[in-house]
Structure formats: structure tokens, C-alpha cells
Amino acid sequence: TATEKRNVRRLSEFLGYKSPNKTPSVVKLKVTTTIDANADGSPNTGQAPSSIDSGLQIASNVDSQILFETTSEIDFTASGSGDDPISAPILDSNGEADSYTLTRYVRAVSGQTKTKTFTITSPTKFLELDLGEDNVIEIINCQDSSGQKWHEVDYLAQEKVLKQTHYSDDNNRSTAYDQGLGVGDGVDSIIPVPYVAEYIKTNKKFISNFNEDTQTYKVQFGNGLFRFSNSGSNVDPVEQAGVTINGTNLSDIPSAIGSTIGNNLNLGETPANTILTFTYRAGGGATSNVQAGELTTINNAPAGVTISTTNDEPSVGGTDGQTVDEIKNNASAFFATQLRCVTKEDYTARIQSIPTKFGSIAKAYVERLEGGTLSVSTLSYNQNRQLVQTPELVLQNVGVYLNQFRMINDQVDFGFQLDTTENGTVDTLFSGYIINFGVNFEVNYDRRFNPTEVKLNIIQVIKDFFKTEKMQFRQSINMNDLQYNILGLDGVVGIKKLLLFQDGNAEYASDRTLYYYQGNGDIIGNNSSYGFQYNFTAALSEDGIYKPSVTPSVFELKNPNQDIYGKVV
């Protein structure tokens, strides 16, 4: 029943759900470089740059204050993207191969890398440090003055942490291709493996969350206090979670008790007599969504390497945080999963709680098909908080994220592909259906009231009723509720007509068609961004309820300022 956002956020944290204050925008960045041709016309791959570190910073060519950073290394010597890595040869004046263009795609998020240092003296249980930022997307690294790395975890009792090792940092590997042949016979079947993933066990860990009181992100460490044994050769934790030895000298502790306590601090260490340096990425928000072709300015290009960047698709996912209703619903569903995915509701909650550094999911729907396969439908927000298709890159991130929670025999399938070309090739990936519509009304008003004011009030009620964040997959629309809200307005005495439409009628939509037909890919009208066709006339039941489509979809009033038509008489 809480209504204040600070209270709702705190209650959600008790259930294990962390609501981000802002989410970053995510984009698939295209990075290209040019290499020379050998004497025989083949590409000189020895010139290809390798292992350009993550954190490559690219600014928008429209607003230089909007920054994006790559989240992984760029290696032109190893390809695993599935895209054509080498272009056709660029010919010289004699018609001979002169150079080639290499292309790699990498994920980039809106934000800027920053650092902050804290000097820690005496140990403090559950030490809390303030980063002083309200838009921290992720903490990239935390290291103390002795070179020890501290790891961020979801909760302090978490024992294992995922560690990703790039092949360039692996002493056992010198190339991404040395793991042997994959399926097939020959060199072409070699599968690149740039990273090695493993789980490690550590007591050097911390958690982070957004504090509503200070409007900043804070990090918190555990309660473990290390003390040296009497000989000074071993380290025994004589204080840890739930273990306290009162009034007993360290020299009097039997060795058996020491072995019982062990070196596993349940809630982790607390730092002492050291300097902690945090490296984190800050940014995001609704203003961080950029259009296609904006990301071309590289601020920190590596020395000796010539590369160029662009984004073929607009970035999506940047928001100013979740509303109170969204936090409540997501927290309730998150708690029910208990960190494992068994039912389809578990999967829905887990998908919507994916860490923001992997992308943002606005709507999700999971249904179990015959054979145990799980069909997942998702949609994301653009910079105008309108529903758009979730980018394939984000879907890949979701699939990887779900692997640690899903049942071993569950297979997850994202979206569907639409055949939109004459030669039968697939060129469009849809992760979910969007059904856009317009609203038409005719209302009787009381002559004692200003008709213009009555009409504006009605339009506002319709806008509030069809807010996008309220709509979900497979949700019906009860027009009786909307009628009740309109009849409660001052000056409204009756409703003659209140309908949803999608027919492009000139009286309503000024000859602007609100949909395109997905059956054979042919576009109807001039605006194909208005979702899929839906028969609203047939979908309206006798009791005034618009039934949802059989295929999972979300109803959306895409442009309320343009798609609400009506009059008061």
C-alpha cells in the first residue's frame, strides 16, 4: 500500500529486487578499419588491429555531451559476429586489389567511465561508501592498494562470482582459435572463443544500490573482521556472520574451533587500512537514446590504429527509471522466482529484472509450448517511451543471462522472423507484436460548461487510461472502465460513441493508416511504424471488452496527441 517511491524502493529491496534509478541506452556499434592487400591480391590480415580494449568512447555528432562506451574488446583478428568480416576488395586505378575493409560489431552503452578513491583506516562492519552519483550504470572495477580485486555481488551471502577472462589475458592461450575444430572438417569450421568464463569463490565482495535519501548510489561491504593468530603465520576469522567469541583470548582458542570456523566469511570481508579505487560507468536516461548514424566521433582512439564507427540502428532502452507501479509489480514477481526459473511467471520476472548493463526490457511474455520449449515475446522502449522491437543484441544478452536460472531441460526461443523479401530471405526479426490504435468518441455535455474545456478533460482521461506502462501482453481493454472515468468528469452527461479503431478512415486519422499487415510483409499506408493489423470490430464483445489477440501482443496508443479524435455535442 506504500505510495512514496522511496518506501516502495526499500520494500522491493527487502524482496531482493533492485530498481535502477536510470537505465542506459544500448546500441550495436559498427567499427571498421582498412588493411592493405598482399601482392597476390589477398587481404594482409597481419595489419588487422587486435584487442582494442573495452571503454572506447564515442560521442554523438549531434550532441557531444551524449557519450557511449564499448563494453567488450574489439579484435579484428577474431570473428564471431556472423556478419561478413571482410569486404570486397577496393580496387586501385589499374583495377587491382588495393585494400580491404574489416568490420566488427560491438555492444556499446550510454555513459562515461569515472573513478573515485576512498581511504579506509579501521575496519567497520557493513562499511558503506557513497559514490556521489545518481546515474551509476555499472561498477567496472574495485581494487585496493595491495592490488586485490573486490567483486560486486547481488547479495552479500552470495558465494560464487562469475569471472570473464579474455584470451589475451589468459596464460594458457595466445589466440581465440586454439580450442580445436568445431563441427565440420577443415579450418573454416574453427569456432572462435574470445572469452573463458568461470565461477570463483571469494570473500572480497560488496553490493551496490540507489539511496533515495541522498539520491546517490552507495556500496556496502560485509561484516568479516580478520585477526592474525598467535603465531602470526595463519589468518583466522574470529568474527564473522553469526560467530562471536566473547571474552576469550586469541591464544586460548583451540585449533579445532579455528578449523570449524574456517576461512569462509558468509557475508564477506570489510576493508581495513587500505585505499579503495572504484571505476564505474555513469550515464543513461531517456535523453541518451540516439538516432541511427549519430555515433561517429571517437574521443579516445587507440594510438597507431585507424578505425571509424557508426550505428546502423538507433539506440534504445534509456529511461529515467521505473514508475512506482512498475517497481511494485516487478518486485512481487521477482520475489516469487526465488532466484530460479520454473514456471513461465518465473521467466517473465527474471527477464524484466535483467541488469541494465545488458539492456532494457519493457514488456515480456512467456508461454510454454508443446515439447517444453518456452516462447518469449519482448518489447522495449525508445526515447519517447514508445514500444519498439527489442534489438537482437539485447535478446542475446537475455539468453545468456537466463542460463544460470533456467531448468536444465528448458529451451528458450526468442521472437520470430518475418519473410519480407521476394526471394524468400528473412530480413526482419520480431520479438513481440505491437497493436497500435486510435480512439474516437462523441460525448454529450452540459450547456453550462465550456465545451472546449470538457473535450480537453476527456482527452486527458483517455491518455491516462491508455498509458503504455499500464499495458501488458495478452491484456484485454475494458471500455466500461473508461466510460466510467469519462462520466465522472464535470460537464459530461452522456456518451454517444466510444470506440477504438485502426482503419485509417480520413474522418479519424487524416488518411494516415495506423498499421501494416504482417501476413506477407506488404505495407498498407505510408506509416509502417504503427504496429500490426487488428480487427477491433470483431474483437469487441457484447459486454464492452476488447479481447486480446491469440498471438501475444500489446495494445499501445502510440501518439496520444495525434490519435485521439472526438467531439462534444
Side-chain angles (χ1 to χ4, degrees), residues 1-26 110 133-137 209-217 283-289 315-337 345 348-365 377-388 390 394 398 432 434 436 459-478 481-482 485 554-561 564:
T1 57
T3 56
E4 291 189 18
K5 193 169 186 177
R6 56 180 295 184
N7 295 333
V8 173
R9 190 188 293 272
R10 285 178 176 175
L11 290 171
S12 69
E13 289 175 358
F14 289 146
L15 299 178
Y17 178 75
K18 293 182 180 180
S19 171
N21 187 45
K22 291 185 179 180
T23 60
S25 184
V26 183
S110 58
E133 303 274 0
D134 68 343
N135 58 347
V136 175
I137 300 171
N209 52 38
F210 180 75
N211 189 293
E212 280 284 350
D213 294 331
T214 61
Q215 288 292 300
T216 56
Y217 274 88
T287 58
S288 64
N289 296 315
S315 67
V316 295
T319 67
D320 291 327
Q322 299 175 350
T323 63
V324 170
D325 289 336
E326 287 174 330
I327 295 176
K328 285 184 177 182
N329 285 282
N330 289 338
S332 298
F334 180 87
F335 178 72
T337 68
E345 289 78 14
T348 301
R350 182 58 57 186
I351 291 171
Q352 291 184 321
S353 62
I354 184 175
T356 55
K357 63 182 179 181
F358 298 127
S360 178
I361 301 295
K363 311 290 181 184
Y365 181 81
S377 301
T378 63
L379 293 170
S380 296
Y381 285 132
N382 64 8
Q383 60 184 350
N384 297 320
R385 207 171 177 78
Q386 297 170 331
L387 294 177
V388 294
T390 301
V394 178
V398 173
I434 308 171
N436 297 119
I459 292 176
Q460 187 59 48
V461 167
I462 295 174
K463 288 181 180 180
D464 293 339
F465 186 84
F466 289 112
K467 281 185 176 179
T468 306
E469 54 262 30
K470 295 181 180 180
M471 311 304 292
Q472 302 296 334
F473 279 99
R474 300 297 298 270
Q475 178 181 336
S476 59
I477 299 177
N478 192 336
D481 293 340
L482 179 57
N485 294 342
V554 177
F555 290 110
E556 180 194 27
L557 183 60
K558 191 178 187 71
N559 288 313
N561 295 328
I564 300 177

Next item on the list: For T378, check side-chain contact (heavy atoms from CB on, under 4.5 Å) against everything at least two apart and list the hits.
Entry: I351, I361, A364, V376, T390, L395, S431
Check: Who are the salt bridge (charged side-chain N to carboxylate O under 4.0 Å, His left out) partners of E13, not counting sequence neighbours?
Finding: none
Item checked: For D213, side-chain contact (heavy atoms from CB on, under 4.5 Å) partners two or more places apart -> R6, R10, N211
Next item on the list: Taking S288 for its side chain and G285 for its backbone only, find out whether a donor-acceptor pair lies under 3.5 Å.
Entry: yes
Next item on the list: Name all residues meeting the side-chain hydrogen bond (donor to acceptor under 3.5 Å, both in side chains) criterion together with N7; count only those two or more places apart in sequence or in a different chain, and write none if there are none.
Entry: none
Notebook entry, point to check: side-chain hydrogen bond (donor to acceptor under 3.5 Å, both in side chains) with N485: which residues, sequence neighbours excluded?
Noted result: none
Notebook entry, point to check: Considering residues at least two apart in sequence or located in another chain, which fulfil the salt bridge (charged side-chain N to carboxylate O under 4.0 Å, His left out) criterion with R474?
Noted result: none
Next item on the list: Applying ring pair (Phe, Tyr, Trp, His ring centres under 6.0 Å), name anything that partners F473, two or more places apart in sequence or on another chain.
Entry: none
Margin query: Is it the case that the side chains of T319 and T23 hold a donor-acceptor pair, with the cut-off being a distance below 3.5 Å and no angle test?
Written below: yes
Margin query: According to ring pair (Phe, Tyr, Trp, His ring centres under 6.0 Å), who are the partners of F210, at least two apart in sequence or on a separate chain?
Written below: Y217
Item checked: Qualifying residues under side-chain contact (heavy atoms from CB on, under 4.5 Å), relative to V324, sequence neighbours excluded -> K5, V8, K328
Notebook entry, point to check: By salt bridge (charged side-chain N to carboxylate O under 4.0 Å, His left out), which residues pair with E556, not counting sequence neighbours?
Noted result: none
Note to self: I'd like to check the ring pair (Phe, Tyr, Trp, His ring centres under 6.0 Å) partners of Y365; sequence neighbours left out, ordered by chain and number.
What the structure shows: none
Note to self: Pair S315, S25 - check side-chain hydrogen bond (donor to acceptor under 3.5 Å, both in side chains), show working.
What the structure shows: CA-CA 6 Å; S315 67; S25 184; 2.7 Å; yes
Notebook entry, point to check: Partners of T323 by side-chain contact (heavy atoms from CB on, under 4.5 Å), sequence neighbours excluded?
Noted result: D325, E326, R385, E469
